[in-house]
There are 2 protein chains.
Amino acid sequence: MEAGLQEKRRKPGPDTLYVGSVEKAFDVLKAFRAGQRDLGLSDLSLSQISHLSGLDKSASQRFTNTLVELGYLEKDRRTRRYRPAVRLLDFAYTYLVCNRLAEVAMPRLIEASKVYGTTVNLCELSGTDIIYTLRIPHQKEYFRATLPGRRIPAFSASGGIVILAHSPADTLDLVLEHSEYRPITQWTVTDPQAVRARISEALGNGYDLGVQQSLPHEISTAAPVLNSEGKAFAAVQIPVYMPGWTVEQVREKIVPLVMETARAISGSYFAEG
Amino acid sequence: MEAGLQEKRRKPGPDTLYVGSVEKAFDVLKAFRAGQRDLGLSDLSLSQISHLSGLDKSASQRFTNTLVELGYLEKDRRTRRYRPAVRLLDFAYTYLVCNRLAEVAMPRLIEASKVYGTTVNLCELSGTDIIYTLRIPHQKEYFRATLPGRRIPAFSASGGIVILAHSPADTLDLVLEHSEYRPITQWTVTDPQAVRARISEALGNGYDLGVQQSLPHEISTAAPVLNSEGKAFAAVQIPVYMPGWTVEQVREKIVPLVMETARAISGSYFAEG
DNA sequence: TAAAAAGTATTAAATAATAATACAAGCTGA
DNA sequence: TCAGCTTGTATTATTATTTAATACTTTTTA
């Protein structure tokens, strides 16, 4: 059993501008992700929600009920179990539709995906993780790995490596300092020194190439989307799979494609202003 | 009002289990979608949030601040404007990863998208709208039309038509009764009678084909994903564009593809139980 | 079938959210 | 540059809203 699941309660401070109830509602929603990850459950009972969210029975009851009323959770009247509702996708849309990067990137990603018929992703940094924001899935991979909103520790993902490589030093240090270096696959590089080396190399090359770092059989390539100061605010990432692809083939074909796509997105993004 | 005199005006029941603050927080998040749609804004000032959410200045301040603390909104310190943060994608992931339909559908959608190199979507009913849940984008369409979480009134989308056609009568009536029949394009069928006719036809055919109903130049085809009672709980939808495609070509090639894909998903979903 | 566990409903108490307001900081146009 | 305006931020007293405890009901289990 994995110890070290950080059970940190946030310190909102004695802030009169902070509404604690909102946090608790989100804690309930987060419980479902944890329930799926740790217990493999896709619906939860009230007491499971209570355990996973850290809220007591009454609070779980109130917030669960509220979220059902609002349409963000569904309740099975027979089993009395709760599950996330489609309406939760509203927020993803809200984020993406307000995001000019997504707008500029989408056509480039589609183009890129057609070159070799590969999956192409856009990802961004969020805390110590990267989050996949746009995905053009072409291969039938491990299901979870194909979903938008997926999080992976930045240090273990090629997208994270190139973003960190082209980030301000303080951001880099902060992320590496707070990262939890647990292996994702048996080949994941978890030694902080080795991670730093990989980041340096990515900075030199302008891309990163990782073999089976976050998924078995996967060769992952990524290049940064840079702003005018040469700092990254996103990454284009293409995964391909062995044995269909070899590292040599990836270097020859995927690396240029990823770099060119990232460069094009950057160019379009800063084209008008 | 006298202190110490406690009139029990509050009706016991769901009221005490409803946390209004949660609703207000979501109202703030919704404001961004409205701001983008109605004003074309991708970030909002505090007063704009106040207007769009219907919350007063103080409430907007408190909930905005709370959402920033939690990482769901970002604040530009210079412009003092707020925008949705990547973290919002967490909920989309939560929904999708807990959803066996998505898991079963994804590989089928990918396969289908390769047959003619078209976009393929999965959608579900949410109130009077459909929401696109999984998307395999292949064409460079109108940006917003490519995003997961996009909502369209069910009556105007072929995915909505086929789901409604294969829904219980009371669901159908409820949706049609509450729908707001505004035209999406200039060709949108908005007459409730005509919509009902289209639904009947879709029930007979097992698919729907709509021309420029929700996007110019678009020919949209959809087929329902059915449960064991023959009721729909989702739809597979494929959009193609004129003049590259004609209605005749769509009937010949896309219709069978959409129907077979939907059927396959349904089959896989109920394969084990 | 009894006992335990989980889910639901109710309520008194008080915390935590509210709305009012004061203050500060940016804008606008003269 | 300066009023005058709008918008954003900070601070309060007040109370309504949330809370936690608990009683009650249903379901699961042993």
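Convention: sequence-line order gives letters A, B, ...; per-chain numbering from 1. Keep in mind the model is a prediction, meaning the values are calculated, not measured.
Distance, B:I49 CD1 to D:dG8 C1': 12 Å, rounded to whole Å. Atom P of nucleotide C:dA6 and atom CG of A:L44 are separated by 14 Å, given to the nearest angstrom. Across the protein-nucleic acid pair, B:Y18 atom OH and C:dT8 atom P stand 18 Å apart, rounded to whole Å. The distance between atom NZ of A:K24 and atom P of C:dT15, rounded to the nearest whole Å, is 13 Å. Distance CG (B:L46) to C1' (D:dT9): 9 Å, rounded to an integer number of Å. Across the protein-nucleic acid pair, B:Q61 atom CD and C:dA25 atom P stand 15 Å apart, rounded to whole Å. At whole-Å resolution of the value, CD in A:E23 and C1' in C:dT15 are 16 Å apart. Rounded to an integer number of Å, the gap from A:L73 CG to C:dG7 C1' is 16 Å.
Residue-level contact check: B:S58 touches the bases, meaning some heavy atom is under 4.0 Å from a base atom.
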A:R144/A:Q36 under side chain to side chain contact (heavy atoms under 4.5 Å, CB included): CA gap, chis, key distance, verdict
CA-CA 11 Å; A:R144 298 185 196 185; A:Q36 172 64 36; 3.0 Å; yes
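With respect to B:E180 and B:R182, a salt bridge is recorded, a charged nitrogen being found less than 4.0 Å from a carboxylate O.
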Report all interatomic pairs (protein N or O, nucleotide N or O of nucleotides 28-30 of chain D) with separations under 3.5 Å.
none

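Out of C:dG7, D:dT7, D:dT9, the shortest distance to the side chain of B:S47 is found at D:dT7. The side chain of B:L17 approaches C:dT10 more closely than any other nucleotide in the set D:dA20, C:dG7, C:dT10. For B:S45, the side-chain atoms get nearest to D:dG8 when compared with the rest of C:dT8, D:dG8, C:dA17.
Between the side chains of A:R80 and A:S45, no donor-acceptor pair of N or O atoms lies under 3.5 Å. Checking A:T146 against A:R135 by side-chain atom types alone, no donor-acceptor pair falls below 3.5 Å.
Contact check, A:R80 against C:dA6: no side-chain N or O comes under 4.0 Å of OP1 or OP2.
Remark on DNA chain D: of its neighbouring residues A:S21 and A:K57, the 5'-side contact belongs to A:S21, judged by nearest-heavy-atom nucleotide.
The cationic group of A:R100 lies under 6.0 Å from the six-membered ring centre of A:Y269 and within 45° of the ring axis, placing it in a cation-pi geometry.
Here B:Y72 and B:F91 bring their ring centres to under 6.0 angstrom of each other. Annotation: B:Y95 is not in aromatic contact with A:F32 [ring centroid separation under 6.0 Å not met].
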